[in-house]
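First the structure, in the form of structure tokens, and then the observations on it.
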Amino acid sequence: MEVTYKSTRNSNETATASQAILKGLAENGGLFVPDSIPELDVDLNDLAKMNYQEVAYEVMSRMFSDFTEEELKHCINSAYDQKFDTEVIAPLNKKAGAYYLELFHGSTIAFKDMALSILPYLLVTSAKKNNVKNDIVILTATSGDTGKAALAGFADVPGTKIIVFYPKNGVSPIQEKQMVTQKGDNTYVVGITGNFDDAQTGVKNMFNDKELAKVMDEKGYQFSSANSINIGRLVPQMVYYVYAYTRLIVNNEIKAGDKINVVVPTGNFGNILAAYYAKEMGLPIAKFICASNDNKVLYDFFETGVYDKNREFILTTSPSMDILISSNLERLIYRIAGDDSEQNSALMNALTSEGRYEITADMKKKLSEFYGNYATEEETAATIKKVFETDNYILDTHTAVAATVYDKYVEATGDKKPTVIASTASPYKFTRSVMEAIDSQYAGRPDFELVDELNKLSGVKIPQAIEDIRRADVIHDTVCDKTEMEATVKSILKL
């Protein structure tokens, strides 16, 4: 079955999978979505006999139908290799009454590795398929994890450059150190005086700037994105939900066809949308539990049907979720609007002009599979401490938000179906917040001293990603105002 991609803001704008991956963003700020999601027509028991790479091929080959088997298997096998510190790629760990899907075993110890390890291969393959001669400039905003994962993925990839913008005071010290020490002649990292939403808006504005595109083309460049707005990011994320389900079958926790719940800590909504797409493909998921931190714009949306970003932006200990404009929610809005690009565009325009929109009662009914809640900073810290004390298992702050919300869900509903919690980052990435949650005696101690203490407590080997940055030199020290992002890009590219 051939899958065509359409823009959420103009149904007449279509693309093949490779074209959508190349463009990253559709015209007028729209996102590419599949015109239909094909059935995963492989028996779940057969999938349970496959390794991660094999499951990845079965899922991605349905969604990326213009890739040949040889092309797609090359991308998959190049991505999911020794860069991961475990052969199973995404282990499922049964702790504290749930199944933690550990998505942080890649080279930058966060879930973004799961998609950003393969995106460079998908992008280079897409460029060849479409006879692109320009160099590809990856332009990305990050709330902490996407940046490093994208930098690591694209460093020194021929025919590409990567420019990452991040909020200068809005990421953890280790997240920042990972980015600013990144090697590679084609890598550029820029801190902005603003928050993630400012960085994301600036990037989107550059994508939509026709004059800038023209100037870049004359110089032999074109933009693409490594953010989750790129369908090449989203589809690989579908894989690990299918894989997790099949591991539950292998471990005799469920039988094929049994329904499970999924809990995802999310700010930009891409990670949970991938689970929703996996269900559309046929994965038996009953409930999508959407976990927010104090920036609870998504929780309020699921409660009221009103999306309102007009509120205080709060810096938390789970910075990758400190987001008020959840870009990927647009793909779900488009779907519950009956794939109506005009209705979707009107809502997105209202978000731009007024900072809010309200969906119809009929659209809200279609969100019944979703449950939203949030965790305060105090609740998040308490969950880290509790799970450590009861299960000798240390959660990072984002995963602790998810665990907290899952407890609230069970208390509210009594639903105890087998539940997979997306564990999105290693606790080593947020060492200070994690260690201070476990015991206040760790307050004020140096970050890398806390790394060693976390190693003693957990018995988990210190990831190579952390060892690599202990004494690494800062390479990138550029900082600009949020209004100077385009000028900074022009300077980097010598336009």
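In this text the structure is predicted, and so the values were computed from the model without any measurement. What's counted below: heavy atoms across the whole structure, side chains too, no hydrogens, waters or symmetry copies.
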Step by step, work out the salt bridge (charged side-chain N to carboxylate O under 4.0 Å, His left out) result for Lys168 and Glu176. CA-CA 8 Å; Lys168 177 63 183 165; Glu176 182 172 44; 2.8 Å; yes
Look at Glu369 together with Lys279 and state whether they make a salt bridge at an N to O cut-off of under 4.0 Å. yes
Mark yes or no for whether Asp198, through its side chain, and Asn195, through its backbone, hold a donor-acceptor pair below 3.5 Å. yes
Distance-only, no hydrogens or angles: does the Asp415 side chain make a donor-acceptor pair with backbone N or O of Lys417 under 3.5 Å? yes
Where does the angle between the aromatic ring planes of Phe67 and Phe64 fall among parallel (under 30°), tilted (30 to 60°) and perpendicular (over 60°)? tilted
Ignoring hydrogens, what is the shortest heavy-atom contact between Thr108 and Ala152? Give both atom names and the distance. CG2-CB, 3.9 Å
Side-chain contact test, heavy atoms from C-beta onward, threshold under 4.5 Å: evaluate it for Met63 versus Leu234 and give yes or no. no
So, do Thr399 and Thr424 sit near enough that their side-chain heavy atoms are less than 4.5 Å apart? yes
Please determine if Lys6 and Asp339 form a salt bridge, counting it only when a charged side-chain N lies under 4.0 Å from a carboxylate O. no
Check whether Thr187 reaches the backbone of Gly184 with its side chain - one donor and one acceptor, N or O, closer than 3.5 Å. yes
Can you name the one residue among Tyr240, Tyr243, Tyr57 that meets ring pair (Phe, Tyr, Trp, His ring centres under 6.0 Å) with Tyr52? Tyr243
Derivation and outcome, salt bridge (charged side-chain N to carboxylate O under 4.0 Å, His left out), residues Glu280 and Arg335: CA-CA 11 Å; Glu280 296 269 287; Arg335 180 56 59 94; 2.3 Å; yes
Side-chain donor-acceptor pair present, Thr360, Gln343, cut-off under 3.5 Å: no
Any side-chain donor paired with an acceptor under 3.5 Å for Ser7 and Asn10? no
Tell me if a side-chain donor or acceptor on Asp113 pairs with a main-chain N or O of Ala149 at a distance below 3.5 Å. no
Testing the 3.5 Å rule here: is there a donor-acceptor pair between the side chains of Lys148 and Gln175? no
Over 12 non-hydrogen atoms of neighbours within 6.0 angstrom of OH in Tyr5: yes
Does the side chain of Ile260 come within less than 4.5 Å of Thr419's, by heavy atoms? no
Which heavy atom of Asp322 sits nearest a heavy atom of Phe196, and at what distance? O-CB, 4.1 Å
If only side-chain N and O atoms count, and only distance matters, is there a donor-acceptor pair under 3.5 Å linking Gln200 with Ser327? yes
Looking at Asn268 and Gly270, would you say the former's side chain and the latter's main chain have a donor-acceptor pair under 3.5 Å? no
Any side-chain to backbone donor/acceptor pair from Asn295 onto Leu324? Under 3.5 Å, distance only. no
Closest non-hydrogen atoms of Ile192 and Met485, given as atom of the first, atom of the second and distance, are CG2-CG, 4.1 Å
Stepwise, does the side chain to side chain donor-acceptor pair (under 3.5 Å) test hold for Thr316 with Asp294? CA-CA 7 Å; Thr316 73; Asp294 280 322; over 6 Å; no
State whether a side-chain donor-acceptor pair under 3.5 Å links Thr146 with Lys112. yes
Looking only at atom types and distance, does a side-chain atom of Ser326 sit under 3.5 Å from a main-chain N or O of Asn328, one as donor and one as acceptor? no
So which atom in Asn230 and which in Ser224 form the shortest heavy-atom distance, rounded to 0.1 Å? ND2-OG, 3.7 Å
Would you say Phe32 and Glu13 make side-chain contact, with heavy atoms under 4.5 Å? yes
Got more than 12 heavy atoms from elsewhere within 6.0 Å of NZ, Lys83? yes
Steps toward side chain to side chain contact (heavy atoms under 4.5 Å, CB included) verdict (Lys408, Tyr371): CA-CA 10 Å; Lys408 291 182 178 183; Tyr371 168 90; 4.2 Å; yes
Within the structure provided, determine whether Asn261 and Tyr409 are in side-chain contact (heavy-atom separation under 4.5 Å). yes
Specify the closest pair of heavy atoms between Thr8 and Asn344, including all atoms of both residues, with the distance to one decimal. O-ND2, 2.9 Å
Just by modelled atom types, is the Met114 backbone N or O under 3.5 Å from a matching donor or acceptor in the Tyr80 side chain? yes
Residues pairing under salt bridge (Lys or Arg N to Asp or Glu O under 4.0 Å) where one sits in residues 221-242, two or more places apart or in two chains, turn out to be none
Checking Glu27 against Lys23 for the salt bridge (charged side-chain N to carboxylate O under 4.0 Å, His left out) test, could you report, in this order, the C-alpha distance in whole Å, the side-chain angles of both residues, the deciding distance, and whether it holds? CA-CA 9 Å; Glu27 300 290 332; Lys23 291 185 84 171; 3.7 Å; yes
Is the shortest side-chain heavy-atom distance between Ile136 and Leu22 below 4.5 Å? yes
Does atom CD (Glu218) have a neighbourhood of more than 12 heavy atoms from anything else shown, all under 6.0 Å? yes
Mind checking whether Glu486 and Asn205 have side chains closer than 4.5 Å, heavy atoms only? no
Using 30° and 60° as the class limits, which term best fits the ring planes of Tyr357 and Phe301: parallel, tilted or perpendicular? perpendicular
Checking the side chain of Thr380 only, and the main-chain atoms of Thr397 only, is there a donor and an acceptor separated by less than 3.5 Å? no
Are Phe370 and Tyr276 close enough that their ring centers fall under 6.0 Å? yes
Would you check if the side chain of Arg9 reaches a backbone N or O of Asn28 as a donor-acceptor pair within less than 3.5 Å? yes
What I'd like to find out is whether the side chain of Gln178 reaches to under 4.5 Å of the side chain of Lys429, using heavy atoms alone. yes
Heavy atoms only: give me the nearest Ala422-Asn271 pair and the separation to one decimal. CB-ND2, 4.3 Å
